[in-house]
Amino acid sequence: MLVASPEPMADADPHLPQAAPIDAYGNGGFRFAGMSHRGSLLCLPDGIWAWPVGAVADITAETLKPVFERADALDLFLIGGGHDPFVLP
């Protein structure tokens, strides 16, 4: 349960305004809630957003801002970076 309301992501960002399980992934995309999405996703307790990160090097404090704002609601946060091992910047 969120104690403080996190800052909403921009309204123009495509999103599903609820949590949903990822049903499948591969070939650069995901299936969830009867939909499909190519590219990165940011899955948080209050929704799923298209995430403007195409490579591990694109992950910054700014791209993680929605995560930091919801930190109290997260028990675990995973970042998948593809086939190759990586170190976060």
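In this text, all values refer to a predicted model and were calculated from it rather than measured experimentally. As a basis for the values below, the full set of heavy atoms in this structure was taken, side chains included, without hydrogen atoms, waters or symmetry mates.
- Between L42 and V67, some side-chain heavy-atom pair lies under the 4.5 Å cut-off.
- Closest approach of L16 to A20, counting heavy atoms only: CD2-CB, 3.9 Å.
- For E62, the side chain to side chain contact (heavy atoms under 4.5 Å, CB included) partners at least two apart in sequence or on another chain are T60, K65.
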Sequence neighbours excluded and cut-off under 3.5 Å, please list the side-chain donor-acceptor pairs for residues 28-41, or say none.
unit_1 : atom_1 : unit_2 : atom_2 : d
H37    : NE2    : S40    : O      : 3.2
R38    : NH1    : N27    : O      : 2.5
R38    : NH2    : N27    : O      : 3.0
S40    : OG     : V53    : O      : 2.3

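- A heavy-atom distance below 4.5 Å is found between the side chains of P45 and L74.
- For the pair W51 (side chain) and T63 (backbone), a donor-acceptor distance under 3.5 Å is present.
- Counting all heavy atoms, side chain and backbone alike, V56 lies closest to G81 at CG2-CA, 4.2 Å.
- For the atom pair H15 NE2 and D46 CG, the distance stands at 8.5 Å (nearest 0.5 Å).
- Under a cut-off of 6.0 angstrom, the local environment of CZ in F68 is crowded, with over 12 non-hydrogen atoms contributed by other residues, nucleotides or ligands.
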